[in-house]
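What follows is a single structure, written as structure tokens, with notes after it.
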Amino acid sequence: ADKTPTFSDLLYTQNLVFFVELCVEVALQLAAYGPVAFFQNSWRAFDFAVALGTMSGYLSGERRVADFAKSFRLMRVVRLMTLLEPVRVILETLVACLPQLFNISLLVLLVYAIFAALAVQLFGVTRYGARLGPTANFESWGAAMTTCYQMLMGDEWMDIQYDCWIQPPFCTPRFDSEHVHGYTGVQYSFGDCGVQYATFFFVLFKGFCEAVLLNLFVGMALENFTFVTDEVAHLEDHHWSKGASADQVKELAEIFAT
């Protein structure tokens, strides 16, 4: 809905106040830390980038530029969330999962590609049915990948399975004069029937890709969560009676580096 002039003025004043506050904060930190130390902190550099982008939007008169830069101010909420220990543990777990996430995603994509290629070979010319159709089919590798994703999300995969199982007399075994009365065209060696053992393909796909591969993500998250929580619960002492914590190891590395 269109905003009233009063509400628009209120939003403009509010954004301007917070923009001035951000600029003052960035200027004070830049004066206190100096340029080198200021940009060594990623959050301070992020605040500087947001302030610079918002300023360019105001100076150029381009509202879209200013709105785009202001949208990144929401990321400052993440900065506040790191002060809360339970939330910080979750964020550190997500960060720790990122390197392993790429490897597992690549493995999942490879397995999906194999199943998609096999589905094209088995059900590429199967006639449309109750669910098998323009929005879910195996006519090409790309369409098969999309259909496999839909089935993984539980999108009526049982109906797709039933459509791929179709047998005569509800389909044509081969498109030739022997199986199609009055057919005089090209004698093809294939028809639009499904495969009798389609059930095994779909059960294997659901069981392996959903029950095995997706649980790899869960296992990876639990492993990293356990590591992060153990690190947070680790109590530091000067005698290192329970071993060195991550902060103490970093401190030693900085000492030896200098």
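Because the structure is predicted, anything quoted here is derived from the model rather than measured.
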Rounded to the nearest 0.5 Å, what separates atom CZ in Phe123 from atom CZ in Phe202? 5.0 Å
Atom CD of residue position Gln187 - does it have more than 12 heavy atoms of other residues, nucleotides or ligands inside 6.0 Å? yes
Given the side-chain rings of Phe39 and Phe46, with only the six-membered ring counted for Trp, is the space between their centroids under 6.0 Å? no
Nearest heavy-atom approach of Val111 to Cys209 is CG1-SG, 3.9 Å
Measure the spacing between CG of Leu16 and CG of Leu11 and express it to the nearest 0.5 Å. 12.5 Å
Heavy-atom count around Phe170 CZ within 6.0 Å, excluding the residue itself: above 12? no
Is any side-chain heavy atom of Phe115 closer than 4.5 Å to one of Phe201? yes
If you draw the axis of the six-membered ring of Tyr33, does the NZ or CZ of Arg44 fall within 45° of it and under 6.0 Å from the ring centre? yes
Any chance you could measure Thr126, atom OG1, to Asn137, atom CG, to the nearest 0.5 Å? 10.0 Å
Is a side-chain N or O of Gln150 found less than 3.5 angstrom from the main chain of Thr135, in a donor-acceptor match? yes
Checking Cys164 against Leu132 for the side-chain contact (heavy atoms from CB on, under 4.5 Å) test, could you report, in this order, the C-alpha distance in whole Å, the side-chain angles of both residues, the deciding distance, and whether it holds? CA-CA 8 Å; Cys164 291; Leu132 196 66; 4.1 Å; yes
Quick one: does Thr4's side chain have a donor or acceptor within less than 3.5 Å of a partner on Phe7's backbone? yes
Between Ala117 and Trp141, what is the shortest heavy-atom contact and its length? N-CD1, 3.9 Å
Spatial distance of atom CZ (Phe19) from atom CD (Gln14) [nearest 0.5 Å]: 15.0 Å
Do Tyr197 and Leu122 come close enough that some side-chain heavy atom pair is under 4.5 Å? yes
Which distance, rounded to the nearest 0.5 Å, do you find between the CG of Asp47 and the CG of Leu30? 12.0 Å
Could you tell me whether a side-chain N or O of Lys206 sits under 3.5 Å from a main-chain N or O of Trp157, the two making a donor and an acceptor? no
Do Asp163 and Arg127 meet the salt-bridge criterion of a basic N to acidic O distance under 4.0 Å? no
Residues Cys171 and Asp192: closest non-hydrogen pair is CB-OD1, 3.5 Å
Distance in Å, Leu107 CG paired with Tyr112 OH, rounded so as to fall on 0.5 Å steps: 10.0 Å
Measuring only between side-chain heavy atoms, which start at C-beta, is Pro173 closer than 4.5 Å to Phe190? no
Is any side-chain heavy atom of Cys148 less than 4.5 Å from a side-chain heavy atom of Met145? no
May I ask you to test the Phe138-Leu118 pair for a side-chain heavy-atom distance under 4.5 Å? no
Kindly assign one of parallel, tilted or perpendicular to the pair Phe48 and Phe38, based on the angle between their ring planes and the thresholds 30° and 60°. perpendicular
Minimum heavy-atom distance Cys23-Met55, with the two atoms named: SG-CE, 4.2 Å
For Gln196, I'd like to know if atom CD has over 12 heavy atoms of other residues, nucleotides or ligands within 6.0 Å. no
Might you confirm whether atom OH of Tyr162 has over 12 heavy atoms from other residues, nucleotides or ligands at distances under 6.0 Å? no
